Amino acid sequence: MKKNVVVIGAGMGGLTAALRLAREGFRVQVLEARAEAGGLASGNVYEGFSFDAGPYILLDRPGLEWAFASVGLKLSEHLELRAIEHVYSVTSPGRAVVNIYSNDAKTASEMEQRWPGSGELYLKFVRATGAIEASLRPLLYGSAPGPVSLLGGGRWRHAGFLLRSLQSVLSESRLPQPVVDALSIWTHVAGQRPEEAPSPLAFVPALVHSVGCFYPKEGIRAIPAVLEKATVSAGVKFRYRTKAKKICVAGGRAEAVQSEAGENFAADAVVSDCGIATYLELLDDKRSASWRRCEKLPLQSPGVCAYLAVKGRMDAPYLRFLLPGGDERCRLFIRPGVMNPEDNRGEWYPARLLGPMDHAKAQKMGTTGQAEYLEKLLEEKWWREGIEEYRVLARRTPAEWGAEYSLARDSMNPVMTAKFMREGRLAHRSPDVRGLYLAGSATHPGQWVSFCAISGVLAADCLRKDLA
């Protein structure tokens with residue numbers, strides 16, 4: 001007799017978990033609060049322009065290939081991925097622009113011209129971190145890696161590296177400060193300070209130069225669309241516009257999910273793709289260790305975003321960062337037209353202006369303050385270089401993200417600090433409730449779409465093992 005599984009949320013993790021389980025013979029039903037699948041990886045259309053809705057901007061191709069293969073799909077047969085040659089630039093007041101290309105020699109050569117001696121230092125840094133990343137990469141494909149996981153393949157040699165912060169690793173590189181700031185730009189996007197960020201963020205340059213960065217021809221939003229189609233074909237039932245209110249527990253085991261409309265969905269097991277909301281909102285037990293932990297975790301705001309139609313040159317790079325200095329967070333101008341020139345409508349292209357925000361500060365600002373901050377970013381001139389005209393088609397603030405995507409406390413997930421990584425991310429197998437499993441970025445070491453997809457596979461495998 002088939003076991004019934006209810007998956008809460010049709011984000012990337014929920015989709016791969018549902019598909020993995022369906023292919024293994026489980027009867028799966030997915031409850032999704034919105035009218036479509038994909039979560040923050042889904043898309044929007046404004047005035048005929050298609051946009052990626054959320055903050056996902058780059059792909060880890062090997063990770064996504066692994067996740068697709070785990071659910072019986074071959075990535076190259078479903079998506080055309082275009083390699084990004086000029087990945088990003090970082091501009092700071094009074095400093096030379098730092099450019100990061102897919103080609104390490106080109107990147108190093110440009111650095112050498114601006115800061116003599118830095119080119120070889122950069123290549124040395126990339127080679128060293130790349131070797132560590134290659135050694136540790138198998139840990140991405142296992143649930144809850146811990147100290148024992150380091151015993152195989154000589155990985156124990158990198159234990160010290162994993163205990164360090166990103167700032168410690170970058171300081172040791174002896175690279176010029178503008179380069180260090182450009183390499184740590186992702187900490188700004190993720191709501192971290194370099195001294196709090198985990199050392200594996202130092203792998204990003206090595207990944208850019210080795211496996212490369214990619215963008216799908218149809219945008220990031222095409223990835224959940226492929227998975228949703230495959231999941232439906234595998235027999236999974238979807239209930240859209242059905243928001244989960246409560247995970248029902250009896251005798252310490254998850255036995256059903258109750259919707260906000262009062263419907264009960266019986267289950268032999270539940271997979272939640274809701275991150276910290278699983279413990280903070282969907283379970284009643286405020287005495288559990290997981291609830292107490294989630295209550296204390298620093299959270300990441302989705303920030304503010306303007307969806308634009310722009311008229312002008314679509315010159316590389318694909319991503320342009322501004323690092324204002326001081327305590328201000330970076331800004332990011334995203335131009336998919338650089339990668340997909342066919343996205344134009346006449347002489348107009350879609351683009352996004354993204355402003356990461358500190359979660360506590362965003363919450364204190366409130367909806368009015370958040371909207372005013374976005375207007376401030378739109379008034380800045382740096383992103384309009386090469387732009388003849390622009391129109392603001394839509395805006396999103398943290399409060400609006402939270403309301404539309406059912407984000408707990410208007411946050412995407414906990415900030416992936418070094419402390420959080422050392423202590424262990426949220427477990428795929430709940431330590432508090434039997435028959436409850438978690439997927440999503442809070443259970444994996446980053447926010448790339450591929451990591452979320454991997455998390456669903458790992459959560460499904462924990463469930464399969466327990467119910468075998």
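Everything quoted here is computed from the prediction, not taken from an experiment.
The two residues L162 and P200 make their nearest non-hydrogen contact at CD2-CG, 4.0 Å. Taking all atoms of both residues into account, the shortest heavy-atom contact from D410 to A399 is OD2-CA, 3.6 Å.
Partners of E47 according to the salt bridge (Lys or Arg N to Asp or Glu O under 4.0 Å) rule, which considers only residues two or more places apart in sequence or in another chain, are R391. With sequence neighbours left out, R429 forms a side-chain hydrogen bond (donor to acceptor under 3.5 Å, both in side chains) with D466. Under the rule for a salt bridge (Lys or Arg N to Asp or Glu O under 4.0 Å), the partners of R331 that lie at least two apart in sequence or sit in another chain are E328, E380. With sequence neighbours excluded, no residue forms a salt bridge (Lys or Arg N to Asp or Glu O under 4.0 Å) with R384. For E65, the salt bridge (Lys or Arg N to Asp or Glu O under 4.0 Å) criterion is met by R61, not counting sequence neighbours.
The distance from the CZ atom of F68 to the CG atom of L73 is 6.0 Å, given to the nearest 0.5 Å. Taken to the nearest 0.5 Å, the NE2 atom of H209 stands 8.0 Å off from the CG atom of N103. Atom CZ of residue R27 and atom CG of residue L21 lie 13.0 Å apart, to the nearest 0.5 angstrom. In this structure, the separation between NE2 on H428 and CD1 on I454 is 9.5 Å, given to the nearest 0.5 Å. Note that OG1 of T91 and CG of L323 are 9.5 Å apart. Values are rounded to the nearest 0.5 Å.
Taking the six-membered ring for Trp and the full ring otherwise, Y101 and H86 have centroids separated by under 6.0 Å. For F321 and Y88, the ring centers sit closer than 6.0 Å to each other. The aromatic ring centres of F203 and W186 sit 6.0 Å or more apart.
Under the 3.5 Å distance criterion, the side-chain polar atoms of D343 are left unmatched by any main-chain donor or acceptor of G337. Y349 places no side-chain N or O within 3.5 Å of a backbone atom of L308 that could act as its donor or acceptor partner. Between the side chain of H359 and the backbone N or O of R409 there is at least one donor-acceptor pair closer than 3.5 Å. For T16 (side chain) and M12 (main-chain N/O), a donor-acceptor pair under 3.5 Å exists by modelled atom type. A donor-acceptor contact shorter than 3.5 Å is absent between the side chain of Q300 and the backbone of S411.
A tilted orientation is assigned to the rings of Y307 and Y46, their planes being inclined by 30° to 60°.
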Please lay out, stage by stage, how Y279 and S430 fare under the test side chain to side chain donor-acceptor pair (under 3.5 Å).
-> CA-CA 10 Å; Y279 295 110; S430 172; 3.1 Å; yes
Run the side chain to side chain donor-acceptor pair (under 3.5 Å) check on Y215 and D52 step by step: do they pass?
-> CA-CA 11 Å; Y215 187 75; D52 293 324; 2.7 Å; yes
Could you go through the side-chain contact (heavy atoms from CB on, under 4.5 Å) check for V6 and L31 one step at a time?
-> CA-CA 7 Å; V6 173; L31 310 182; 3.8 Å; yes
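The pair E400-R395 does not meet the salt-bridge criterion, since no charged nitrogen lies less than 4.0 angstrom from a carboxylate oxygen. Classification of R193 and E196 as a salt-bridged pair holds, one side-chain N sitting under 4.0 Å from a carboxylate O.
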Give the table of side-chain donor-acceptor pairs shorter than 3.5 Å for residues 227-236, with sequence neighbours excluded, one pair per line with atom names and distance.
| unit_1 | atom_1 | unit_2 | atom_2 | d |
| --- | --- | --- | --- | --- |
| E228 | OE2 | Y240 | OH | 2.3 |
| T231 | OG1 | L227 | O | 2.6 |
| S233 | OG | K229 | O | 3.1 |

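Annotation: side chain of S272 is in contact with side chain of L282 (closest heavy-atom distance under 4.5 Å).
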